[in-house]
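Heads up, the thing below is written out as structure tokens.
The shown structure was predicted, so the numbers you read here are calculated from the model rather than taken from an experiment. Protein chains get the first letters and strands the later ones, always in sequence-line order, with residue 1 at the start of each.
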Protein chains: 2
Amino acid sequence: MKPSDNDLSARKKLILKAIVDAHIDEGEPVGSKYLTQFKQLAYSSATIRNEMAELEAMGYLEHPYTSSGRVPSNLGYRFYVDALLQQYSMTAQEIFELNQLMHAKMLELDKLIDRATKLASSMTNYTGLSIKPRPASCTVNRFEAIPVDSSSLVLVMLTGVSTVKTKYVKLDSEFQKEEMIKLGTVLTECIAGLTADEITLPKIMEIERQMGVSYRIVSPAIKCVYDALSESDSGDVKVEGADLLLQYPEYSDISRLKGMLNLFEQKDQLLQLVADADDSKVNVFIGSENSVNTMNDSTLVFKTIKEGGRVVGAIGIIGPRRMNYSRVISTVNQLSAAISETVNGNAALEEGNNSDNN
Amino acid sequence: MKPSDNDLSARKKLILKAIVDAHIDEGEPVGSKYLTQFKQLAYSSATIRNEMAELEAMGYLEHPYTSSGRVPSNLGYRFYVDALLQQYSMTAQEIFELNQLMHAKMLELDKLIDRATKLASSMTNYTGLSIKPRPASCTVNRFEAIPVDSSSLVLVMLTGVSTVKTKYVKLDSEFQKEEMIKLGTVLTECIAGLTADEITLPKIMEIERQMGVSYRIVSPAIKCVYDALSESDSGDVKVEGADLLLQYPEYSDISRLKGMLNLFEQKDQLLQLVADADDSKVNVFIGSENSVNTMNDSTLVFKTIKEGGRVVGAIGIIGPRRMNYSRVISTVNQLSAAISETVNGNAALEEGNNSDNN
DNA sequence: GTTAGCACTTAACATCAAAGAGTGCTAAAA
DNA sequence: TTTTAGCACTCTTTGATGTTAAGTGCTAAC
């Protein structure tokens, strides 16, 4: 907070906040006369007008046209979010729903994120984003091979407390069950904990050596492992409640709506955004602050979810720039925190207190 | 085809087809004069006008208002699709892309369906639906338990050639690895092939009896099995390319667009639609022919995908009622057939001809 | 420093007229 | 009997015009 950034008189702050609040409520440019109705602003419209002109000169407000009320600029929203926003506190109902979610008997991270996103969307009435990033350096802690028949097996890969991957492996020729089972042990021994890039040719040769006469089983299997580690789980973005956007007048403009729907299709762009973001706090991208040019009148709020140290997902809310920030931010924060807690608490609860979790 | 249904003179058919084609092309009501430009219709506008009036009386055409061109009614489209449509033949490019998809080295049904849907959407320029119905009576052929530590294990359930489910099972107390492994064998012995409903108390007691002293391991595991069989995989609908809708003028109308986006959110409704549909052919739901009232100006085309005898998914295209039917129908047909083939060919290819499939 | 007053700007809305497209009907032609 | 030309009629679309209302900027007075 450099003084130059924050060089607003208390009255200017009051007025700016009132304008942003009013614009969020009403959705329309707010004029000086309208503001005089608030008793915190016991000034004439002319005075407020002067202040507004100055706020505009400083870049916090904008003029749609020569003479209509003011609208906050990106900078105005930014200042509002960073400095003027008061804490939102959840209602009993919301806390109840959140607890419901968290105590639901499911540990699967994916579904947890999906449900939290759905909840976030319905609680805020904006569109929710359930984001599962491409695991940057996914590793497998343990391999297990399950023979299906003489020429195929299922490779089960345990990657962490809440994720298991399976792949069907089709073999070139026939093998004994024992050979297949051995494959699991050998893979675990040789390449557990490695990323896709670290599986080098020498490693593979070592595996083949250990498999002895069944060395031909290795090549197709390794292919699957490689797939599972890299390409396979290539990140996913789910959109919850896109239709909710339509209730806000900003999206009556077809071209703006198109931009938004387009963005929803470009999952890569969203994944990138999340990948580049700050892990430690709620991220708020107001209007065109981020690289995504199509969302000039929208805001994206999201927070990542970490398991151990690694980002394993994110939940987000996207809606009109004119959104209820305090509510959205607190909802996203609480929900993501709750998930992180559940997922990470997991390991700590090793001894298991009841049979209700699976 | 009762004669009464098909009681249209050759000329009426010609005119109806011309009207539907023209309306699909132009998107606007088509008038009598416009039609005279086609040389198959070597009549004056007045003659055509008379025929149009009769077609309207028969219910095949509609009048937006007293005097503007005609638009096909649902019945008109229906007749067009059932009786007037000529076969579309794919371009070399399209056949190439389709083959690309099918020869891609992935057997996972889910991803196959997703990719096919994406392809269908991009080939037709309409929105794609990737549908994986709630498996009505999912059964597990084989269970395998993988010990993780002394109080948790991963239960791997093989349900078919291309599906594997895994569940983390958290146990009440500590068990030996051997006990866990035995659990897999016992489960396979006792409840392989059963649906969720068929797992009765006697069955469970039998499992516990067979587990002997480790009987306490059964209860949490059964819970997971139950989850996996019923609730868990509760059907999924993915929408590909919702933004494509916006290029068609019918969706410039916000309320119509809203109906569509709303429909996309109500996955249950779509799942139901697919569940009720005919397995054996491409289903075409024109306008409000189906129960979904919100899609009066849209058409849904889809075909289910079967593995063995069971419906395991569907791919569909949804777009304006005024869509390119021959193209959409053939695309959906080809893609779903290709997937069915790949999936079902699977079993037949047991001996494996190369290592390229996993 | 604050306020009242007033001229000015602009969007939004309603009204109106003219243009255009297409029909239905009648009567004539084939 | 079928087809066609002609014409009056209906309804949408478009553009122009004027009016209203909201809100600003500025100046001068408090």
Side-chain angles (χ1 to χ4, degrees), chain A residues 7-16 18-20 22-23 25-73 76 249-250 252-253 256 297, chain B residues 8-16 18-20 22-23 25-73 76 249-250 252-254:
Chain A
D7 209 6
L8 292 181
S9 67
R11 191 168 72 181
K12 278 206 179 58
K13 284 185 192 170
L14 214 57
I15 291 176
L16 180 54
I19 291 175
V20 179
H23 185 248
D25 274 5
E26 311 282 346
E28 270 155 36
V30 0
S32 55
K33 194 177 176 193
Y34 178 87
L35 289 175
T36 58
Q37 76 183 268
F38 300 108
K39 43 187 175 301
Q40 322 101 348
L41 299 177
Y43 303 97
S44 74
S45 66
T47 307
I48 294 175
R49 215 144 52 225
N50 290 334
E51 293 283 47
M52 284 164 92
E54 287 180 46
L55 281 168
E56 180 168 3
M58 297 165 103
Y60 294 106
L61 296 178
E62 275 168 5
H63 242 183
Y65 50 90
T66 322
S67 165
S68 191
R70 254 75 172 208
V71 163
S73 64
E250 20 274 275
S252 305
D253 181 19
R256 214 167 290 170
D297 295 279
Chain B
L8 291 182
S9 66
R11 191 169 73 181
K12 278 206 179 59
K13 283 185 192 170
L14 214 58
I15 290 177
L16 180 54
I19 291 174
V20 179
H23 185 247
D25 274 6
E26 310 283 344
E28 269 156 37
V30 359
S32 56
K33 193 175 175 195
Y34 178 88
L35 290 175
T36 58
Q37 75 183 270
F38 301 109
K39 43 187 173 302
Q40 322 100 349
L41 299 177
Y43 302 96
S44 74
S45 66
T47 306
I48 293 175
R49 216 148 46 229
N50 289 334
E51 293 283 47
M52 285 165 92
E54 287 180 46
L55 281 168
E56 179 167 5
M58 296 164 106
Y60 294 105
L61 295 178
E62 275 168 6
H63 241 183
Y65 48 90
T66 322
S67 164
S68 192
R70 254 77 170 206
V71 164
S73 65
E250 20 273 277
S252 303
D253 181 20
I254 292 282

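Residue-level contact check: B/S32 touches the backbone only, with heavy atoms under 4.0 Å from sugar-phosphate atoms and none from bases. Here A/Y43 lies in heavy-atom contact (under 4.0 Å) with sugar-phosphate atoms only. Within the 4.0 angstrom heavy-atom criterion, base atoms lie near A/T47.
Nucleotide C/dG24 holds its C1' atom 16 Å from the CG atom of B/L55, rounded to whole Å. Regarding A/K33, its NZ atom lies at a distance of 15 Å from the C1' atom of C/dT3, rounded to whole Å. Atom pair A/N50:CG and C/dT2:C1' shows a separation of 9 Å (rounding to whole Å applied). Between A/E62 atom CD and D/dT24 atom P there is a gap of 15 Å when expressed in whole angstrom units. Rounded to whole Å, atom P of D/dA22 lies 14 Å from atom CD of A/E26. The interatomic distance linking A/Y34 (OH) with D/dT24 (P) rounds to 14 Å, in whole Å. The CD atom of A/E51 sits 18 Å away from the C1' atom of D/dG23 (whole-angstrom rounding). Atom CE of B/M52 is separated from atom C1' of C/dG22 by 9 Å (rounded to the nearest Å).
Counted within 6.0 Å of NZ on A/K12, heavy atoms from surrounding residues, nucleotides or ligands total more than 12; the atom is thus considered enclosed.
Taking only side-chain atoms of B/H63, from C-beta outward, the nucleotide of D/dT24, C/dT23, D/dA5 with the closest atom is C/dT23. Checking C/dA4, C/dG24, D/dG23 against the side-chain heavy atoms of B/E56 singles out C/dG24 as nearest. Nearest to the side-chain atoms of B/R11 among the listed nucleotides D/dT3, C/dA4, D/dC11 stands D/dT3. Side-chain proximity of B/A46 to D/dT24, C/dA21, D/dT4: nearest is D/dT4.
Where B/S67 and A/G69 each meet DNA chain D at their nearest nucleotide, the meeting point lying more 5' is that of B/S67. Residue B/Y65 is the one, among B/Y65 and B/V30, whose nearest nucleotide of DNA chain C lies closer to the 5' end (criterion: closest heavy atom).
The main-chain N or O of A/P249 is found under 3.5 Å from a side-chain atom of A/S252 such that the two form a donor-acceptor pair. No donor-acceptor pair under 3.5 Å is formed between the side chain of B/T36 and the backbone N or O of B/S45.
With hydrogens and angles left out, the side chain of B/R70 and the base of C/dG24 share no donor-acceptor pair within 3.5 Å. Side-chain to base pairing of B/R49 with C/dG22: no donor and acceptor N or O lie closer than 3.5 Å to each other.
Looking at heavy atoms from C-beta onward, A/R70 lies in side-chain contact with A/H63 at the 4.5 angstrom threshold. By the 4.5 Å heavy-atom criterion applied to side chains, A/E26 and A/Y34 are counted as neighbours.
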Item to complete: Just do the side-chain contact (heavy atoms from CB on, under 4.5 Å) check on A/Y43 and A/E51 with the steps written out, would you?
Response: CA-CA 11 Å; A/Y43 303 97; A/E51 293 283 47; over 6 Å; no
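A side-chain contact (heavy atoms from CB on, under 4.5 Å) with A/Y60 is found for one member of A/V20, A/L55, A/I15 and no other, namely A/L55.
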Discussion item. One character per nucleotide, please: for nucleotides 14-19 of chain C, 5' to 3', B when the base has a protein heavy atom closer than 4.0 Å, S when only the sugar-phosphate does, - otherwise.
Written reply: ------
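Atom CG in A/D253 sits 8.5 Å away from atom CD1 in B/I254 (nearest 0.5 Å).
Side-chain nitrogen and oxygen atoms of A/S44 include at least one within less than 4.0 Å of the OP1 or OP2 phosphate oxygen of C/dT3. An OP1 or OP2 oxygen of C/dT10 is reached within less than 4.0 angstrom by a side-chain nitrogen or oxygen of A/T66.
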